[in-house]
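Shown next, in C-alpha cells, is the structure this report addresses.
All of these numbers come straight from a predicted model, not from anything done at the bench.
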Amino acid sequence: MESHSLMFAVLALSLAPCSVLARKPCNFPAIFNFGDSNSDTGGLSALLWQAPPPNGMSYFHAPAGRYCDGRLIVDFMAKSFGLPYLSAYLNALGANFSHGANFATAASSIMPQTIPLMQPGGVSPISLDVQYNEFYDFRRRSQTVRNRLGGFFKPLLPKETSFDRALYTFDIGQNDLTSGYFSNMTVEQVRDYIPQVLHQFSTIVKWVHSQGGRFFWIHNTGPVGCLPYVLSRMPVSPSDYDQYGCAIPFNDLAQTFNRGLKKAVVELRAALPDAALTYVDVYSLKYALVSQHKKHGFEFPLRTCCGHGGKYNFNVKLGCGGTKRVNGNDVLIGKACKKPEVYVNWDGIHYTEAANKWIFNQIKTGAYSDPPIPLEMACYRA
C-alpha cells in the first residue's frame with residue numbers, strides 16, 4: 001500500500017504545473033504558524049509550565065519549549081527559508097518576531113473545549129479561535145510599537161508588508177479527535193462531530209485571509225492510532241489492530257478527518273480565489289515511519305524513546321521528564337533513550353527530531369501536497 005502511495009506521490013510531482021515550477025521561489029519573509037504541540041515552539045511552556053528535561057537534548061541541549069528531543073517540522077521549514085526558528089507568541093523572554101510568530105500551543109484544538117487541561121481528555125484553553133485573536137492583536141500592536149516606539153523594538157517586529165507576503169501554516173486537529181474519545185465519546189460520535197470542527201477551521205482560515213493572509217500551508221492530521229498515548233489508554237480488541245500494531249478504528253477516524261479537511265481546502269480555494277492553499281498529507285508519511293521503519297532508518301516504530309514502563313515505555317501519569325520524590329530528592333523516572341535517532345516516537349505523543357526531519361524532507365518537495373508543488377513555491381496558485 002505504501003509503495004503505491006509513494007509511486008503516486010512521485011507521479012503527482014512529475015505532473016506539477018510547469019508554469020509554477022518555472023517561476024522563482026517565493027522568498028517568504030515570515031511564517032505565522034497555528035497549531036498544537038506538533039508545532040509548538042514554546043507556547044505552553046510560557047503559559048503553564050516549561051517542557052522539562054530531557055526535552056531538547058539532541059539539538060538545543062536543554063529544554064527549548066518543544067515536546068521533542070530537538071527540532072519540529074516547523075523549525076525545518078523556517079530553516080529552509082533562511083529564517084530563524086519561530087518565537088512563540090506567548091513567550092516574552094528573548095522573543096524575536098521580525099520573521100513571524102508561532103501561535104501554536106501544545107494540547108490545543110480547533111474547537112474550544114470545556115474539559116480542563118489536567119483532566120483526562122482535557123485540552124489547552126488556547127484553541128484555534130484564540131490563536132487567531134492573538135494573531136489579530138499581534139498584527140496591529142506590532143506595527144504600533146514598531147512605528148511609534150522604534151528603537152530597540154523595530155528590528156524585533158515584522159514589517160507591515162511581511163503579513164501579506166508571509167506563509168501561514170496550520171497543523172492542528174489531532175486533539176479534537178483524541179479529546180473526544182478520551183472523554184468517553186464513541187468513535188461514531190467523534191466522527192459525527194468532525195464536520196463542525198472543519199467548519200470552524202474554514203471560518204478561521206477566512207478570518208486570517210481577511211487580515212492579509214494569502215499563502216496557506218495546511219497539514220492533515222497523523223495516524224493517532226499509532227501513538228502510544230492512544231494505544232495504552234483506549235480499549236482495542238485484538239482484531240482492531242493492523243499488522244503494524246496500530247489501532248485501526250482511530251486511524252480510520254483520522255482519515256475521515258483528513259478527507260473532510262481536503263474537501264474543506266478545495267472549498268476554501270473557491271471562496272478565496274486570490275489565495276494559494278496547499279494541503280499536505282503528513283498522515284501517509286507518519287504511517288510510513290511505522291509500517292516501513294527499517295527502510296527509513298528507524299528501529300523502534302511504536303515504543304517511545306522518553307518515558308517509563310509498560311509495553312510502549314509510556315505512562316500517562318509519569319511521562320517524559322517525570323520525577324518522583326525519594327528521600328527528599330526529585331529522582332528522574334521518565335528518562336530518555338540513548339539513541340533518539342532510531343526512534344520514531346519521542347514521548348508517546350510526539351515524534352523525534354529524526355522523524356520530523358525525515359517528514360520535512362519529503363513534504364518540502366511537493367510530492368505529498370495538493371497541488372503537488374514544492375514548499376518554496378507555495379505562493380503560487382496551481
Side-chain angles (χ1 to χ4, degrees), residues 1-6 36-38 67-69 73 120-121 173-182 185-188 190-191 219-259 281-320 334-359 362 368:
M1 178 179 178
E2 287 71 43
S3 61
H4 291 158
S5 298
L6 179 59
D36 53 30
S37 55
N38 289 303
Y67 291 90
C68 179
D69 62 305
I73 294 173
Q174 176 175 312
N175 294 314
D176 292 273
L177 303 181
T178 57
S179 65
Y181 42 77
F182 285 154
M185 291 175 65
T186 65
V187 169
E188 290 73 23
V190 178
R191 183 178 290 111
H219 291 184
N220 66 10
T221 200
V224 294
C226 299
L227 298 177
Y229 91 118
V230 172
L231 291 167
S232 66
R233 297 173 63 186
M234 299 302 298
V236 181
S237 65
S239 62
D240 280 336
Y241 288 99
D242 66 16
Q243 60 184 312
Y244 307 110
C246 299
I248 295 171
F250 303 114
N251 279 352
D252 285 349
L253 194 63
Q255 290 178 312
T256 297
F257 175 89
N258 290 340
R259 286 190 292 270
D281 180 20
V282 296
Y283 178 101
S284 293
L285 293 166
K286 289 181 176 180
Y287 190 74
L289 284 178
V290 174
S291 62
Q292 300 182 20
H293 59 279
K294 291 183 179 179
K295 174 182 176 182
H296 302 306
F298 295 87
E299 297 177 18
F300 304 98
L302 298 179
R303 185 173 175 82
T304 70
C305 169
C306 184
H308 169 69
K311 178 180 178 180
Y312 304 105
N313 193 37
F314 176 81
N315 184 333
V316 69
K317 296 181 179 180
L318 191 64
C320 179
K335 299 179 181 180
C337 61
K338 293 182 179 180
K339 297 177 64 178
E341 66 273 14
V342 299
Y343 284 74
V344 171
N345 196 285
W346 166 242
D347 59 2
I349 305 173
H350 311 103
Y351 290 76
T352 59
E353 177 183 278
N356 288 328
K357 184 177 182 179
W358 183 86
I359 293 167
Q362 315 312 309
Y368 289 84

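With rounding to the nearest 0.5 angstrom, the OG atom of Ser284 is 7.0 Å from the OH atom of Tyr368. Ile359 CD1 to Lys357 NZ: the interatomic distance, rounded to the nearest 0.5 Å, is 13.5 Å. We find the CG-CZ distance between Leu253 and Arg191 to be 5.5 Å, quoted to the nearest 0.5 Å. Here Ile73 contributes atom CD1 and Lys286 contributes atom NZ; the two are 5.0 Å apart, rounded to the nearest 0.5 Å. Atom CG of Asp240 and atom CE of Met234 lie 11.5 Å apart (nearest 0.5 Å). Atom CG of Leu289 and atom OH of Tyr343 lie 15.5 Å apart (nearest 0.5 Å).
Residues passing the side chain to side chain donor-acceptor pair (under 3.5 Å) test with Ser239, sequence neighbours excluded: Ser237. Not counting sequence neighbours, the partners of Asn258 by the side-chain contact (heavy atoms from CB on, under 4.5 Å) test are Asn220, Thr221, Tyr279, Tyr283. Taking the ring pair (Phe, Tyr, Trp, His ring centres under 6.0 Å) definition, one finds that Tyr181 meets it with Phe250, sequence neighbours left out. Partners of Asn345 by side chain to side chain donor-acceptor pair (under 3.5 Å), not counting sequence neighbours: none found. Residues satisfying the ring pair (Phe, Tyr, Trp, His ring centres under 6.0 Å) test with Tyr67, not counting sequence neighbours, are His350.
Nearest approach of Asp69 to Glu353, heavy atoms of both residues: OD1-N, 2.8 Å. Annotation for Ala355 and Val344: closest pair CB-O, 3.6 Å, computed over non-hydrogen atoms. The two residues Val224 and Ala254 have their closest heavy-atom pair at CG2-CB, 4.3 Å. Closest approach of Ser232 and Tyr229 over heavy atoms only: OG-CA, 4.0 Å. The heavy-atom pair separating Cys68 from Trp346 by the smallest distance is CA-CD1, 3.5 Å. Closest non-hydrogen pair, Gly173 versus Phe257, comes out as CA-CZ, 3.9 Å.
No donor-acceptor pair closer than 3.5 Å links the side chain of His296 to the backbone N or O of His293. Of the possible donor and acceptor atoms, none in the side chain of Asp242 sits under 3.5 Å from a partner among the backbone N and O of Ile248.
Looking at heavy atoms from C-beta onward, Tyr287 lies in side-chain contact with Cys226 at the 4.5 angstrom threshold. Contact of the Pro223 side chain with the Val290 side chain is not registered, since no non-hydrogen atoms from C-beta on lie closer than 4.5 Å. In this structure, the side chains of Phe182 and Val230 come closer than 4.5 Å at one or more pairs of heavy atoms.
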Review item, side-chain donor-acceptor pairs of residues 297-307, under 3.5 Å, at least two apart:
from: Arg303; atom 1: NH1; to: Lys311; atom 2: O; distance (Å): 3.3
from: Thr304; atom 1: OG1; to: Tyr312; atom 2: O; distance (Å): 3.2
from: Thr304; atom 1: OG1; to: Asn313; atom 2: O; distance (Å): 2.6

